[in-house]
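Heads up: the structure comes next, in structure tokens.
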Amino acid sequence: MTISERHTQVLIVGAGPSGLMMAAQLLRYGIQPLIIDSRLGPTDESKALGVQARSLEIYRQMGIVDPVLKDGKKAQGISFSRNGKELAGFSFTNVGEGQTPFPFIELYPQSKNEKLLLDFLTVHCCPVYWETTLLSLKQTSSNAQLQLQNSTEASSITSDWVIGADGAHSAVRRQLNIPFSGETYNHVFYLADVELGNGEIEDKRIGLFVTGSGIAGFFPMPEANRFRVLGNLPDDLDKKENLQLEDILPELNRICGFRLDIKHNFWFTIYRLHHRMADRFREQHCFLIGDAAHIHSPVGAQGMNTGLQDAYNLAWKLAGVINNQLKPGILDSYAEERMPVAKTLLKTTDRIFTVIMSDKWYTRLFKASLLPRLLKYAWSKETLREEGFKRVSQIGISYRDSAINLHISQSTKIKAGDRLPYFKVYDEKKQEETDLHEWCGKPGFTFILLGKLAESDLFTLARWVTQNYRAMLNFYYLPYSAKNQRVFEAFEINPNRAKSLIIRPDMHIGFMNDKVDMVLMDNYLRNVVGMKKSP
């Protein structure tokens with residue numbers, strides 16, 4: 001398929017999960033991007049498998065979460081074994097109950113995530129131009145000028161904005177001369193998709209097998225008895241050419257402590273792991289998201305989910321600028337908010353992965369005796385268990401230090417910058433149950449008023465929204481009631497008072513005030529966020 005356009009508002013390079021999410025989010029705001037990818041088409045050979053609660057919340061907001069829940073599989077737990085003996089096991093069943101509509105880890109391969117998003121793009125008549133490569137990229141004060149190559153010809157195109165979502169070997173990042181700082185892990189790793197006939201490995205629990213010199217992880221896939229297997233190659237196989245699954249089976253059997261019964265091998269590959277991060281996430285008209293911006297070890301199933309959130313964070317800001325609803329300055333907040341998240345993630349996963357892979361005697365002793373006890377102790381404590389789920393699920397990510405938030409409140413539990421907590425609420429007027437996240441289902445910002453307010457004041461507020469921010473601000477009101485007491489306690493609201501919240505399009509709290517003041521809200525929207533009033 002040949003690109004006929006010579007100019008586009010947004011060019012997305014890379015049709016992996018991050019690039020497809022970026023396109024899907026832009027489409028929600030009426031922007032038709034152009035997407036290219038050097039691959040022949042979508043592939044089933046993908047590494048990522050776990051979809052975290054925060055990603056499921058995004059899918060729910062987009063109206064496409066049901067296929068994920070139907071075609072995926074909930075991880076019911078994890079087990080740690082050494083030399084064939086289980087040292088510790090933990091249940092994941094509803095571990096995040098009450099914190100999110102999705103209190104679990106969903107096992108749903110990257111390939112299925114890509115198909116889900118491609119279907120969304122198809123519904124909105126947005127194609128992907130496969131077999132199309134970025135040859136060169138130059139920027140002027142007004143746009144980016146690009147040379148593209150497809151299977152038959154080269155072409156030139158200009159774009160107001162360019163999104164580099166083209167992975168660890170990003171052509172966009174290289175064209176921008178942005179350093180990709182970090183290191184490559186010493187070990188070579190293998191990845192396989194297999195069907196097993198072993199009863200020793202449950203197909204609903206993640207199984208981690210560790211020895212002094214190696215690791216093997218078995219991650220259940222949605223299909224019965226099918227697993228994604230990850231491990232490090234034995235040193236004597238590092239240089240072997242045309243390596244096959246059969247070559248590593250003796251070592252894999254030794255690590256597991258029993259003989260694997262492989263019914264079918266769907267896919268096998270070897271690769272090196274890196275932990276790297278781009279020095280900058282933006283260069284003039286160009287942005288980096290996903291693996292083009294940061295890569296790390298697979299600990300905690302964070303990679304794909306972090307890339308989805310990169311796109312989710314950037315898309316509404318870029319859409320607001322393109323649609324002339326937000327001032328361009330808001331684009332600076334993308335790197336300000338997402339770079340600290342990436343740095344923390346790289347440090348955390350690197351430390352854990354280094355311990356897992358270390359063969360030093362004291363580390364082996366720690367993994368064999370102390371680590372299982374520490375994990376059992378932590379899992380037995382509700383507060384530690386909840387905190388652990390917040391980190392892994394990514395619902396605990398906060399942008400409290402961001403310049404586009406404003407906290408004018410005595411509240412200490414929940415603050416501006418935090419993800420809007422998930423609370424079920426009872427609508428007294430409609431006599432039905434809903435939740436705060438559902439209120440944020442429409443594109444744009446959401447103004448939520450909690451507490452007691454006179455009907456005349458509500459009318460004044462509704463008129464203020466309609467006259468000034470009709471296209472960008474959705475208004476909801478929750479009066480105090482006994483059925484909604486938990487919400488008011490969490491936000492630390494006196495039953496006789498009111499609190500005003502403005503929720504960003506990415507479901508993070510942008511503004512929080514212990515009273516209702518249109519002047520302060522107007523100041524936040526116009527001067528902090530840079531929103532332009534509706535015509």
Y476 vs E438, side chain to side chain contact (heavy atoms under 4.5 Å, CB included): CA-CA, chis, key distance, verdict: CA-CA 11 Å; Y476 289 88; E438 192 170 347; over 6 Å; no
Cation-pi geometry met for R173 and F180 (6.0 Å, 45°): yes
Assign the ring pair [X] / [Y] to parallel, tilted or perpendicular, where the plane angle (0 to 90°) is split at 30° and 60°.
{"X": "F281", "Y": "H294", "value": "tilted"}
{"X": "F445", "Y": "W316", "value": "perpendicular"}
{"X": "H285", "Y": "W161", "value": "perpendicular"}
{"X": "Y524", "Y": "F511", "value": "tilted"}

Answer yes or no: is there a donor N or O on one side and an acceptor on the other, between the side chain of [X] and the main chain of [Y], under 3.5 Å?
{"X": "D506", "Y": "N313", "result": "no"}
{"X": "N232", "Y": "I215", "result": "yes"}
{"X": "H437", "Y": "L420", "result": "yes"}
{"X": "E195", "Y": "A224", "result": "no"}
{"X": "H508", "Y": "G417", "result": "yes"}
{"X": "D193", "Y": "F266", "result": "no"}
{"X": "Q32", "Y": "C125", "result": "yes"}
{"X": "Q25", "Y": "A315", "result": "no"}
{"X": "D310", "Y": "R338", "result": "no"}
{"X": "N323", "Y": "A319", "result": "yes"}

Side chain to side chain donor-acceptor pair (under 3.5 Å) between Y312 and Q61, intermediate numbers included: CA-CA 11 Å; Y312 188 52; Q61 189 187 48; 2.7 Å; yes
Neighbour count above 12 (heavy atom, 6.0 Å) for K532 NZ: yes
Neighbour count >12 (heavy atoms, 6.0 Å) for atom CZ, R276: yes
Ring pair (Phe, Tyr, Trp, His ring centres under 6.0 Å) partners for F219, two or more places apart: none
Partners passing ring pair (Phe, Tyr, Trp, His ring centres under 6.0 Å) against Y59 (at least two apart in sequence or in another chain): none
Under 3.5 Å side-chain donor-acceptor pair for T122 and D119: no
Side-chain H-bond candidate by donor/acceptor type, S398 with D418, under 3.5 Å: yes
Can you check whether [X] reaches [Y] side chain to side chain, under 4.5 Å on heavy atoms?
{"X": "D522", "Y": "W464", "answer": "yes"}
{"X": "S156", "Y": "R6", "answer": "no"}
{"X": "D279", "Y": "S181", "answer": "yes"}
{"X": "N150", "Y": "E131", "answer": "no"}
{"X": "L34", "Y": "S159", "answer": "no"}
{"X": "S111", "Y": "P42", "answer": "no"}
{"X": "P220", "Y": "I206", "answer": "yes"}
{"X": "V13", "Y": "L137", "answer": "no"}

For [X], which residues count as a salt bridge (charged side-chain N to carboxylate O under 4.0 Å, His left out) partner, sequence neighbours excluded?
{"X": "R280", "result": "E283"}
{"X": "D160", "result": "none"}
{"X": "E433", "result": "none"}
{"X": "R419", "result": "E57"}

Using 0.5 Å steps for rounding, measure from the [atom1] atom of [X] to the [atom2] atom of [Y].
{"X": "L520", "Y": "I408", "atom1": "CG", "atom2": "CD1", "answer": "4.5 Å"}
{"X": "H407", "Y": "N513", "atom1": "NE2", "atom2": "CG", "answer": "9.5 Å"}
{"X": "F268", "Y": "L191", "atom1": "CZ", "atom2": "CG", "answer": "9.0 Å"}
{"X": "R54", "Y": "T306", "atom1": "CZ", "atom2": "OG1", "answer": "12.0 Å"}
{"X": "T100", "Y": "Y422", "atom1": "OG1", "atom2": "OH", "answer": "7.5 Å"}
{"X": "M507", "Y": "L436", "atom1": "CE", "atom2": "CG", "answer": "11.0 Å"}

Measure across [X] and [Y] and return the closest heavy-atom pair with its distance rounded to 0.1 Å.
{"X": "A144", "Y": "V162", "answer": "CB-CG2, 3.7 Å"}
{"X": "S333", "Y": "I404", "answer": "OG-CD1, 3.6 Å"}
{"X": "L176", "Y": "Q139", "answer": "CD2-NE2, 3.4 Å"}
{"X": "R228", "Y": "W267", "answer": "NE-CZ3, 4.4 Å"}
{"X": "I35", "Y": "G14", "answer": "CG2-O, 4.0 Å"}
{"X": "L525", "Y": "V529", "answer": "O-CB, 3.5 Å"}

Note: E337-K317 ion pair, threshold 4.0 Å (strictly below): yes
Residues R60 and D435 bridged, charged N to O under 4.0 Å: yes
Test of ring centre spacing under 6.0 Å for W439 and F423: no
Check against side chain to side chain contact (heavy atoms under 4.5 Å, CB included), I448 and T446: CA-CA 6 Å; I448 298 178; T446 305; 3.8 Å; yes
Sole candidate of L117, I12, D37 that passes side-chain contact (heavy atoms from CB on, under 4.5 Å) when paired with L20: L117
Test log, rule side chain to side chain contact (heavy atoms under 4.5 Å, CB included), inputs L461 and F447: CA-CA 10 Å; L461 285 167; F447 171 30; 4.3 Å; yes
Check against side chain to side chain donor-acceptor pair (under 3.5 Å), S55 and N305: CA-CA 6 Å; S55 298; N305 296 276; 2.7 Å; yes
Stepwise side chain to side chain contact (heavy atoms under 4.5 Å, CB included) test for L288 and V172: CA-CA 8 Å; L288 300 177; V172 174; 4.0 Å; yes
